[in-house]
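Sequence lines set the chain letters: A, B, ... in the order given, protein chains first and strands last, and positions in each chain run from 1.
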Protein chains: 2
Amino acid sequence: MGSKERILRLKEETRTSILDAALNIVQTEGWQALSMRKIADQIEYTAPIIYEYFPNKEGILLELTRRGYQILGKAIREARDDHEKPEDKMEAMWVAYWNFAFSHKEFYQLMYGVDMVCCTVKNSMQEAEQVSAMLGDVIESLFKNKPVTEDDICMKYYTYWSIIHGLISINLVRPNGRTTDELNQQILKDAIKGITLSINS
Amino acid sequence: MGSKERILRLKEETRTSILDAALNIVQTEGWQALSMRKIADQIEYTAPIIYEYFPNKEGILLELTRRGYQILGKAIREARDDHEKPEDKMEAMWVAYWNFAFSHKEFYQLMYGVDMVCCTVKNSMQEAEQVSAMLGDVIESLFKNKPVTEDDICMKYYTYWSIIHGLISINLVRPNGRTTDELNQQILKDAIKGITLSINS
DNA sequence: GTAAATAATCTAACACCGTTAAGCAAATGT
DNA sequence: ACATTTGCTTAACGGTGTTAGATTATTTAC
């Protein structure tokens with residue numbers, strides 16, 4: 001039965017083709033246009049077979065969320081490894097986060113923006129925790145006066161995240177506002193530097 | 001025809017009863033549970049009559065958004081009038097904003113959180129502009145070196161808003177996180193003071 | 001090779017959604 | 001008393017996520 005592997009590989013292929021189709025629809029028509037039947041259309045099947053690969057629509061969204069965190073994690077990891085000094089690491093990592101939000105707008109909306117309701121599941125997602133762990137580590141290394149408590153790190157982490165997520169939200173929501181890109185980058189970097197400086201003061 | 005006024009008043013009553021019903025459903029079951037038929041059930045009518053009072057579902061949401069901005073505007077105005085010094089005004093206003101977000105969670109989600117997609121309509125809402133105008137005015141008064149450009153105000157406005165909206169989002173999304181209320185309030189006030197200080201440096 | 005068993009896929013349906021059109025019944029105007 | 005308008009309902013359309021049953025294709029067993 002050497003064909004068993006081939007069949008398993010085929011199943012894996014259509015599984016990812018479902019995810020690709022979903023992502024494709026979202027990128028061209030937005031989240032609200034994503035429907036099971038439309039996904040089925042695109043992979044040239046009928047809707048019910050999707051339920052052989054995912055428990056329901058939310059299952060697809062969850063898997064896409066995981067994908068998003070993998071991409072984000074890779075970007076942040078690379079930004080971190082591109083620098084030596086913690087201060088530079090930190091700025092580069094948050095800029096990577098910022099860039100991810102705009103180059104993968106749909107992912108970011110899924111991960112942080114779209115429906116504030118659910119989100120209970122995502123708490124226990126390995127990939128998400130990896131991202132916050134990386135950021136937390138660098139934040140810890142920013143403190144000169146050791147030892148550092150968990151709460152210290154947590155507080156600074158939320159401070160960073162808040163201003164960056166806030167800036168991103170506002171810019172995703174109002175892309176045609178009066179703010180220019182340079183202005184935003186300036187706000188972003190100023191804010192990062194400000195928080196970073198405030199850590200040892 | 002003295003009854004004409006009475007009839008008009010009745011119509012206005014059911015109009016607000018529609019809004020009240022919608023709000024009630026959202027508060028008890030969340031935004032995703034809001035449907036025209038459920039609203040109709042609650043006001044003891046059938047769904048189609050709602051369309052005599054609102055053009056569509058989004059019309060209801062828009063009116064609720066307006067209501068939200070009225071409440072928020074009142075809170076911010078009062079916070080402003082409770083203090084003399086611009087620095088105190090600013091802090092009180094943003095704390096009012098913060099408190100609004102949590103005491104009127106559903107409104108805040110509607111105004112800033114739920115579906116990042118549309119939002120094109122809300123740009124031209126009088127009530128929303130009043131709020132940002134109030135905040136902008138106080139921000140302007142914080143600058144000691146006049147004259148101030150529109151861009152200066154805009155930038156600081158976005159900086160304030162970003163960090164506060166970011167903090168709120170994160171706390172609305174992850175209410176059971178490791179952050180305590182005091183910690184959040186500390187982050188909030190620290191951030192406000194930080195931005196305020198940075199204005200004249 | 002043929003028959004039974006299993007897997008893959010589809011059709012049809014359910015219950016819900018937002019929305020619209022047609023119809024009915026009561027109140028109103030003439 | 002008749003015609004007209006008003007208030008409201010029922011029924012329907014096209015869409016959604018999801019499930020059950022039938023159908024077809026493939027694999028297995030003899």
Inset, instruction - Classify the ring geometry between Y160(B) and W94(B) as parallel (under 30°), tilted (30 to 60°) or perpendicular (over 60°). - result: parallel
Legend entry - Length of the CD1-P vector between I50(A) and dT18(D), whole Å: 10 Å
Legend entry - Rounded distance (nearest 0.5 Å) linking atom CD of Q42(B) with atom CD1 of I18(B): 11.5 Å
Legend entry - Below 4.0 Å: OP1/OP2 of dC8(D) and any side-chain N or O of T46(B): no
Please list every donor-acceptor pair under 3.5 Å in which a side-chain atom of residues 20-29 of chain A meets a protein atom from a residue at least two apart or in another chain.
| residue | atom | partner | partner atom | Å |
| --- | --- | --- | --- | --- |
| D20(A) | OD1 | R67(A) | NH1 | 3.2 |
| D20(A) | OD1 | R67(A) | NH2 | 3.3 |
| T28(A) | OG1 | N24(A) | O | 3.0 |
| T28(A) | OG1 | I25(A) | O | 3.2 |
| E29(A) | OE1 | K38(A) | NZ | 3.3 |

Inset, instruction - Check every strand shown and say whether L10(B) touches a base, only sugar-phosphate, or nothing at a heavy-atom separation below 4.0 Å. - result: nothing
Legend entry - Y108(B)-Y97(B) aromatic ring centre distance below 6.0 Å: yes
Inset, instruction - Check every strand shown and say whether Y45(B) touches a base, only sugar-phosphate, or nothing at a heavy-atom separation below 4.0 Å. - result: sugar-phosphate
Legend entry - Spacing of L61(B) atom CG relative to dC17(C) atom P, expressed in whole Å: 15 Å
Inset, instruction - Answer yes or no: is there an ion pair linking E87(A) with K144(A), defined by an N-O contact shorter than 4.0 Å? - result: yes
Legend entry - For atom CD of Q32(A) and atom C1' of dT16(D), their distance in whole Å: 13 Å
Inset, instruction - Calculate the interatomic distance between Y53(A) atom OH and dA7(C) atom C1'; express it in whole Å. - result: 11 Å
Legend entry - Pair R9(A) + E12(A), salt bridge at N-O below 4.0 Å: no
Inset, instruction - Choose from dT19(C), dC8(D), dC10(C) the nucleotide whose nearest atom is closest to any side-chain atom of I49(B). - result: dC8(D)
Legend entry - Strand contacts (DNA chain C) in residues 36-44 of chain A, 4.0 angstrom heavy-atom criterion: R37(A)
Inset, instruction - Measure from CD on E52(A) to P on dA20(D) and round the result to the nearest Å. - result: 13 Å
Inset, instruction - Starting at atom CH2 of W31(B), determine the distance to atom P of dC17(C), rounded to an integer number of angstrom. - result: 16 Å
Legend entry - Along DNA chain D (nearest heavy atom to each residue), the more 5'-positioned of A33(A) and P48(A): A33(A)
Legend entry - Spacing of CD1 belonging to I76(A) relative to CG belonging to L72(A), to within rounding of 0.5 Å: 4.0 Å
Inset, instruction - Would you mind reading off the distance between L34(B) atom CG and dG18(C) atom P, rounded to a whole angstrom? - result: 7 Å
